[in-house]
Structure formats: structure tokens, C-alpha cells
Amino acid sequence: MSTVATDIQKAVEDAAAHLYVWALKDIPQDLRDAIRDARERETSVPGQRVLDTIIRNVAIADDRTTLVCQDTGIAVYYCRVGEHFPLHPARIYEALYDGTERATVEHPLRSNTVHTLTRENTGQNVGYRVPIVHWDFVPDWDGLDVKCVPKGSGSENMSFLKMCVPADGVAGIKRFVLDSIVNAGGKPCPPGIVGVGIGGSADYAMHLAKEAIARPVGTRNPDPEVAKLEEELYGLLNETGIGPMGLGGDVTVLQCHIEHADTHMTLNPVAVNYQCWAARRASAHIAADGTVDFDREA
Ligand code: SF4
């Protein structure tokens, strides 16, 4: 994008360029621990082999400083912008766009982004409305947090939405999540993180489901009712027997995370967004003076 970059805009662009590549290569420690725990729990031989292969895959990526998966995903960023951060969100978007493009050219990375009808490649993992950026605005703060979540298509294709009715209640939510994951089978490269969004509206429920997969593995929703449902679904999903890569076994999911919003009294939307075992994410905090701190675990 052609703009005159300020120092702070350059700092955000550099951070994005680093985050995109870093997330693709160096998965967070909580995810590594969850995969190791899964290997210890898994009793099926094919499932054990899959998890051993995943662990070896991650070790090779570490040794050779290369990507954990060939699918460089679609670049998704979550921004928390302080009200006093000295760069307007329009410029933050430009910086994220330019950083994504630069990372793709400089590494180089596989370029996945295409026009949705013509299927023509639009460039270096950027295009119309890509990267995808979600925004939160924080009062009384002058910082910026950016989390990069490159989202692979195998898992993103396993996204589902149902407009349950209120009479369906919590039982309807559970049934839909279970049906979704059973129907997905081995396609989203399990075991991964099942993100569930409940409440809000149709579009917001899916947004919440995506936000849920971007949390550190095993963190619980602060609402105790929602946290209870996370635990229950986590247990139920692992009773499906789908197992690693759908080959059967005890570990179908590493976790189930739920985000929720209040909703209309006649709505009960439920969205499911799957994140594969390569649940890549990396974050940076950018201070108002342009200082950047990277945090793989956030
Ligand atoms: S779903 Fe995940 S692990 Fe599977 S190919 Fe895509 S990015 Fe890789």
C-alpha cells in the first residue's frame, strides 16, 4: 500500500511482518504441551503414530527454522487499540497489509489469496479485504496489541453456523457442536481446538467462534456457566472416537473454547470454527513510542 509511513506505522508493519512468519514457524508452548499431553493420553496405535509424527514435524520445523505446515493460511489479525495510541486504525490496517505482503515476499511464503470468483491470485497473501483484521478499542490506554492467527483452509472449511431457537436451549447448542465435529471427521487435521461462538447475531456468533480458537489452549471463559459448558463439550467431543487425523482414538480435540455474547430473546445462534493441530498464533505489544515486545504465548 502506498503511504508515507510514520515511524510508528513502520514499527507496526515490521511487527506484522515478523509475527506472520514467526507464527508459522514457532507454535506456542501451551500448544506444544497440549500435543504432548494428547500423546500421553492416546491409546490407539494409529492415533499414537499421528501424534508422534506431529511432534516430529514440530521438532524438524524448530531445527530447520521452517514452517510447521505448508499452508500459510489466510492472514488474520486481532488488534486491541488503546484510545491514545498515536496511529489511526486506518493506518494500522495499512501497516498490517504491508507487513503481510513483505513477509510473503521476503521469506518467501506461499501466496494463498485469490479473487473469490475468478480464483486469480491477488498477490502476496493480501487482496481486497485481506488480511482480515478484527478490532477492539480500549479506553484510557496508549498501546496496541496485535495477534496474528494464520488460518489454514483445511480447518476453516470446517466452520458451521446454526440459528437454534431458544427452545433448543443448551442441549441444542451441545448437539450442534457435536454433530459439526462428527461430520467434520478427519478433514480439519485433528486434534485441534474447537471454537464455539454463542449468542449475539449470526455474523457475531461466527466472529466469537473464531476469537475462541485464538486463545491459549485450555484457558477457560471467565463466566463460570460458559466455562462449565467448555469442560463438558471438551469431554463429549473426545468421546466421539474420531481421533488424531480421523483415524480413531481417544484424542479428537485438544480443547473446546467458547466465547459468548448476550442475544435477542428469540435468538440462539451457535457457530463452530475449527482450528487444526497447527494452531498458530503470535502476538506483539506496540507501545506509543514504537517499542515492540513480542509474546508467543498471548
Ligand atoms: S488444516 Fe492446519 S494442519 Fe491441516 S493443512 Fe491446513 S494449516 Fe496445515
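Only this structure's heavy atoms are used, side chains among them; waters, hydrogens and symmetry mates stay out. In listed order, ligands and their atoms are each counted from 1.
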Closest to atom 8 (Fe) of ligand 1 among protein heavy atoms sits Cys69 SG, 2.2 Å

Straight-line distance of Ile132 CD1 to Thr100 OG1, nearest 0.5 Å: 11.0 Å

Residues Glu259 and Lys210 bridged, charged N to O under 4.0 Å: no

Looking at ligand 1, is there an atom of it that comes within less than 4.0 Å of some heavy atom belonging to Ser155? yes

Kindly say whether Asp62 contributes a backbone atom to a donor-acceptor pair with the side chain of Asp26 at under 3.5 angstrom? no

Under a 4.0 angstrom heavy-atom cut-off, which atoms of ligand 1 come close to Gly152? 7 (S)

Answer yes or no as to whether an N/O/S atom of Cys276 is found below 2.8 Å from atom 8 (Fe) of ligand 1. no

Is a side-chain donor-acceptor pair under 3.5 Å present for Gln48 with Asp52? no

Please confirm whether Gln70 comes under 4.0 Å of ligand 1, counting heavy atoms of the residue only. yes

More than 12 heavy atoms of other residues, nucleotides or ligands under 6.0 Å from CZ of Arg49: is that the case? no

Close-contact set for ligand 1 against Trp277 heavy atoms, below 4.0 Å: 3 (S)

How about Asp145 and Ser283: does a side-chain donor come under 3.5 Å of a side-chain acceptor? no

Whether over 12 other heavy atoms sit under 6.0 Å from Arg36 CZ: no

Asp71 neighbourhood, listing ligand 1 atoms whose heavy-atom distance to it stays under 4.0 Å: 6 (Fe), 7 (S)

Return yes when Arg280 approaches ligand 1 closer than 4.0 angstrom through a heavy atom, no otherwise. yes

Which atoms from ligand 1 have a heavy atom of Gly154 less than 4.0 Å away? 1 (S), 6 (Fe)

Among all protein heavy atoms, pick out the one at the shortest distance from atom 4 (Fe) of ligand 1; state its residue, atom name and that distance to 0.1 Å. Cys189 SG, 2.4 Å

